[in-house]
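One structure is given below, encoded as structure tokens.
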Amino acid sequence: MKKFIKNNKLVVITFIICVIFVILVFAVKLTFFPNEATAIYGDRLDGIEEVEITEKEQDDIVSTLEERDEVSEASCDIQGRILNVLITVNDDVELDPAKALTTSITDNLEEDQKAYYDIQVFISKSNDDSRFPIIGYKHQNKDEFSWTKDR
């Protein structure tokens with residue numbers, strides 16, 4: 001063994017350095033990324049099963065919005081505890097009627113769902129209106145939407 005080490009000093013030193021490097025890489029990885037097996041949201045989504053907004057409820061929100069004369073297109077999706085609603089309104093719609101569309105969203109949700117989810121609404125037009133797009137946000141503990149500053 002000593003003879004092999006003596007004859008191959010460079011190879012042995014390189015091997016030891018590589019082993020130390022691999023150990024350091026794993027130590028750094030464990031320091032900065034301690035548990036990759038846990039969910040992205042951690043425990044923030046605990047209890048979501050009891051108040052889940054189903055696909056049918058999302059479809060109901062979209063169909064209720066699209067039935068309105070002001071709306072040309074609508075869609076929604078859920079990211080964690082945020083219900084995102086995208087609405088495209090007709091070119092002749094003003095700001096206040098566009099903001100009033102949020103009642104169609106909240107009317108389709110139960111009280112416990114409104115108390116669990118944040119609701120984010122993106123309202124845009126297909127033309128170049130300087131006042132659009134606007135974004136409304138309702139925190140789960142609030143009753144009203146907050147809007148981007150009127151332009």
Side-chain angles (χ1 to χ4, degrees), residues 11 13-151:
V11 173
I13 291 173
T14 305
F15 178 74
I16 291 172
I17 290 173
C18 287
V19 169
I20 292 171
F21 180 73
V22 169
I23 291 171
L24 288 175
V25 166
F26 277 108
V28 169
K29 179 199 170 290
L30 291 176
T31 302
F32 290 107
F33 307 104
N35 196 354
E36 292 177 357
T38 60
I40 293 172
Y41 290 101
D43 61 355
R44 291 175 282 178
L45 298 182
D46 288 349
I48 198 169
E49 300 85 22
E50 290 93 36
V51 293
E52 183 178 5
I53 298 175
T54 63
E55 288 289 328
K56 183 185 179 323
E57 290 171 315
Q58 291 179 49
D59 292 341
D60 290 344
I61 291 170
V62 170
S63 63
T64 302
L65 285 168
E66 288 179 341
E67 288 172 1
R68 304 277 302 257
D69 293 335
E70 301 94 343
V71 177
S72 62
E73 185 180 354
S75 65
C76 71
D77 72 313
I78 296 176
Q79 297 291 321
R81 292 178 73 162
I82 300 175
L83 172 65
N84 293 306
V85 182
L86 301 138
I87 303 171
T88 304
V89 295
N90 297 325
D91 293 340
D92 59 341
V93 176
E94 296 297 322
L95 281 175
D96 290 333
K99 290 178 182 180
L101 293 171
T102 57
T103 58
S104 298
I105 300 166
T106 56
D107 290 347
N108 279 304
L109 297 174
E110 297 172 11
E111 289 301 318
D112 56 346
Q113 290 172 326
K114 288 187 262 187
Y116 189 83
Y117 288 91
D118 290 358
I119 303 170
Q120 189 166 242
V121 181
F122 301 91
I123 302 176
S124 62
K125 286 186 177 182
S126 57
N127 69 356
D128 291 333
D129 189 334
S130 63
R131 297 171 296 164
F132 284 86
I134 57 174
I135 301 171
Y137 192 85
K138 183 187 135 349
H139 188 268
Q140 61 200 7
N141 297 334
K142 304 289 182 187
D143 294 328
E144 299 294 322
F145 279 82
S146 300
W147 293 93
T148 53
K149 184 173 173 65
D150 290 336
R151 299 170 192 167

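Keep in mind that what you see is a predicted model, and the values were worked out from it rather than measured.
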Quiz item: Who passes side-chain hydrogen bond (donor to acceptor under 3.5 Å, both in side chains) against Asp77, sequence neighbours left out?
Solution: Gln79

Quiz item: For the side chain of Thr148 and the backbone of Ile134, is there at least one donor-acceptor N/O pair under 3.5 Å apart?
Solution: no

Exercise. Could I get the full list of side-chain contact (heavy atoms from CB on, under 4.5 Å) partners for Leu24, not counting sequence neighbours?
Key: Ile20

Quiz item: Can you find a heavy atom in the side chain of Ile119 that is under 4.5 Å from one in the side chain of Val121?
Solution: yes

Quiz item: Does the pair Glu73 and Ile87 meet the rule for a side-chain contact (heavy atoms from CB on, under 4.5 Å), with working shown?
Solution: CA-CA 6 Å; Glu73 185 180 354; Ile87 303 171; over 6 Å; no

Practice problem: Taking the side chain as every heavy atom from C-beta outward, state whether Leu95 and Ile123 have any atom pair closer than 4.5 Å. | Solution: no

Quiz item: Picking from Val22, Val28, Ile23, what satisfies side chain to side chain contact (heavy atoms under 4.5 Å, CB included) with Phe26?
Solution: Val22

Exercise. Sequence neighbours left out, what passes side-chain contact (heavy atoms from CB on, under 4.5 Å) with Glu57? Give chain and number order.
Key: Ile53, Thr54, Glu110, Gln113

Self-check item: Closest non-hydrogen atom pair between Ala74 and Val62, with its separation
Solution: O-CG1, 3.4 Å

Quiz item: Between Lys142 and Glu144, does at least one N-O distance fall below 4.0 Å, as a salt bridge requires?
Solution: no

Quiz prompt | Trp147 side chain reached by Ile135 side chain, heavy atoms, under 4.5 Å | solution = no

Quiz item: Do any N or O atoms from the side chain of Arg81 and from the backbone of Tyr116 form a donor-acceptor pair under 3.5 angstrom?
Solution: yes

Quiz item: Is any side-chain heavy atom of Gln58 less than 4.5 Å from a side-chain heavy atom of Ile78?
Solution: yes

Quiz item: Can you check whether Leu101 reaches Val93 side chain to side chain, under 4.5 Å on heavy atoms?
Solution: no

Self-check item: For the student: nearest non-hydrogen atoms of Glu94 and Phe132, plus distance
Solution: O-CZ, 4.0 Å

Self-check item: Side-chain heavy atoms of Leu109 within contact of Tyr117, under 4.5 Å
Solution: no

Quiz item: Would you say Phe122 and Val85 make side-chain contact, with heavy atoms under 4.5 Å?
Solution: no

Quiz item: With a 4.5 Å limit on heavy-atom distance, are the side chains of Ser104 and Arg68 in contact?
Solution: yes

Practice problem: State which residues pass side-chain hydrogen bond (donor to acceptor under 3.5 Å, both in side chains) with Asp91; sequence neighbours excluded, sorted by chain then number. | Solution: Ser126

Practice problem: List for me each residue that meets side-chain hydrogen bond (donor to acceptor under 3.5 Å, both in side chains) alongside Glu52, sequence neighbours excluded, and say none if there are none. | Solution: none

Quiz item: What residues form a side-chain contact (heavy atoms from CB on, under 4.5 Å) with Ile82, not counting sequence neighbours?
Solution: Asn84, Asp118, Gln120, Tyr137

